[in-house]
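Reminder, nothing fancy here: chain letters follow the sequence lines and each chain counts from 1.
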Protein chains: 2
Amino acid sequence: MNIGDIARLTGLPAKTIRYYEDIGLVTPQRSANGYRHFRETDQHKLLFLGRARALGFTIEDCRTLLALYEDQSRESANVKRVATEHLNKIDEKINQLQSMRETLAHLVASCAGDHRPDCPILNDLGQEP
Amino acid sequence: MNIGDIARLTGLPAKTIRYYEDIGLVTPQRSANGYRHFRETDQHKLLFLGRARALGFTIEDCRTLLALYEDQSRESANVKRVATEHLNKIDEKINQLQSMRETLAHLVASCAGDHRPDCPILNDLGQEP
DNA sequence: CCTTGACCTTCCAGTAACTGGAATGCCTAT
DNA sequence: ATAGGCATTCCAGTTACTGGAAGGTCAAGG
């Protein structure tokens, strides 16, 4: 399978797949014409990566998870640790965003949004009463 | 005031302030020795920027907001539009993160996290039953 | 007068994870 | 032969900084 086929199959852009090869996440073979040749194991890895990325894992986490995935003698504790840390980071981000959201929602609600210049949003940012 | 003073005052790292000058958000004067010299209006702007950034506005949004802030004949509708769009983006992000969070939390909960290799997290990522 | 330390300056490179585009090569069909 | 639709590499750009190197300035102390 060429890169276009695998891209369709995995849902990943060809560019991204090339990038993943660049950083050593997959190592497709090469055909005589220099085209990348993807096999089932590559497809498997790419699907794995796509799902892990969709859960927000960083590339480095993905690298770690992929290694664990391929290691038959792994300890699930290691996987769980990576996932738990990631979960905590997600929670942090959600909290941050929610606090922004709250402030912002108040400001937006209090702004008339008309042709006049008075604006509680700018007043708040400029910290003037 | 030199950059160190203004950094302390605004809570922004000196590096960041230099960067803001680079991209034209502030334009402090220069003393004879080449040091940046910050006046009250600069301080004001930097505080404004710090607060806007803390609410998650992009630099370009900040540029727009700053321009509106300084424009006495602005229409608050324009401010509100920027803020509302940003609010929507925040909501999107929160939703994304929460959906990740949910999936991930289930996976983490179902993983024993012990010395054995069996791992529902990896099974899910590898999409094997 | 010289040195020390705390400032300040500029410039270059790196971060994360791609994405876009240019220049070029290959393959298949008409 | 040529047109299209693939593929290749390489370079640059994105966001908002951050770190570090190499060097200039200033005030205080010996």
**Q** Starting at atom CZ of Arg53(B), determine the distance to atom C1' of dA16(D), rounded to an integer number of angstrom.
**A** 6 Å

**Q** Pick the closest DNA chain D nucleotide for Ala14(A) and for Phe57(B) by heavy atoms, then say which residue is nearer the 5' end.
**A** Ala14(A)

**Q** Measure from the side chain of Tyr35(A), starting at C-beta and using heavy atoms only, and say which of dT18(D), dG25(C), dA16(D) lies closest.
**A** dG25(C)

**Q** Under 4.0 Å from OP1 or OP2 of dT8(D): is there any side-chain N or O of Asn33(A) that close?
**A** no

**Q** Please report the distance, rounded to the nearest Å, between OH in Tyr19(B) and P in dG19(D).
**A** 15 Å

**Q** What is the nucleic acid contact for Ile3(B), judged by heavy atoms within less than 4.0 Å: base, sugar-phosphate only, or nothing?
**A** sugar-phosphate

**Q** Does dC8(C) have OP1 or OP2 under 4.0 Å away from a side-chain N or O of Arg18(B)?
**A** no

**Q** Rounded to the Å, how far apart are Lys93(A) NZ and dA16(C) P?
**A** 12 Å

**Q** Between His86(A) and Phe57(A), how do the two ring planes meet: parallel, tilted or perpendicular, split at 30° and 60°?
**A** tilted

**Q** Do the side-chain N and O atoms of Ser76(B) and Asp118(A) include a donor-acceptor pair separated by under 3.5 angstrom?
**A** no

**Q** Look only at the side chain of Arg74(B) and the backbone of Leu68(B), and say whether a donor-acceptor pair between them is shorter than 3.5 Å.
**A** yes

**Q** Just N and O in the side chain of Arg36(B): are any of them under 4.0 Å from OP1 or OP2 of dC8(C)?
**A** no

**Q** Measure the CD1-CD distance between Ile94(A) and Gln96(A) for me, rounded to the nearest 0.5 Å.
**A** 11.0 Å

**Q** Less than 4.0 angstrom from a charged side-chain N to a carboxylate O is my criterion; do Arg51(A) and Asp124(B) meet it?
**A** no

**Q** Between dA17(C) and Thr16(A), is there an OP1 or OP2 to side-chain N/O distance shorter than 4.0 Å?
**A** no

**Q** Starting at atom CE of Met1(A), determine the distance to atom P of dC6(D), rounded to an integer number of angstrom.
**A** 16 Å

**Q** Side chain of Arg30(A) only, heavy atoms from C-beta on: which candidate in dT9(D), dA16(D), dC8(C) is closest?
**A** dT9(D)

**Q** With nearest nucleotide decided by heavy atoms, which residue, Lys15(B) or Asp5(B), maps closer to the 5′ end of DNA chain C?
**A** Asp5(B)

**Q** Using whole Å, report how far CG of Leu12(A) lies from C1' of dA17(C).
**A** 13 Å

**Q** Ile17(A) has an atom CD1; how far is it from atom C1' of dA17(C), in whole Å?
**A** 15 Å

**Q** Report the distance from atom CD of Glu60(B) to atom P of dT15(D), rounded to the nearest whole Å.
**A** 8 Å

**Q** Side chain of Ile59(B): nearest nucleotide among dA16(D), dT9(D), dT10(C)?
**A** dA16(D)

**Q** For Asn2(A) and dG25(C), give me the distance from atom CG to atom C1', rounded to whole Å.
**A** 14 Å

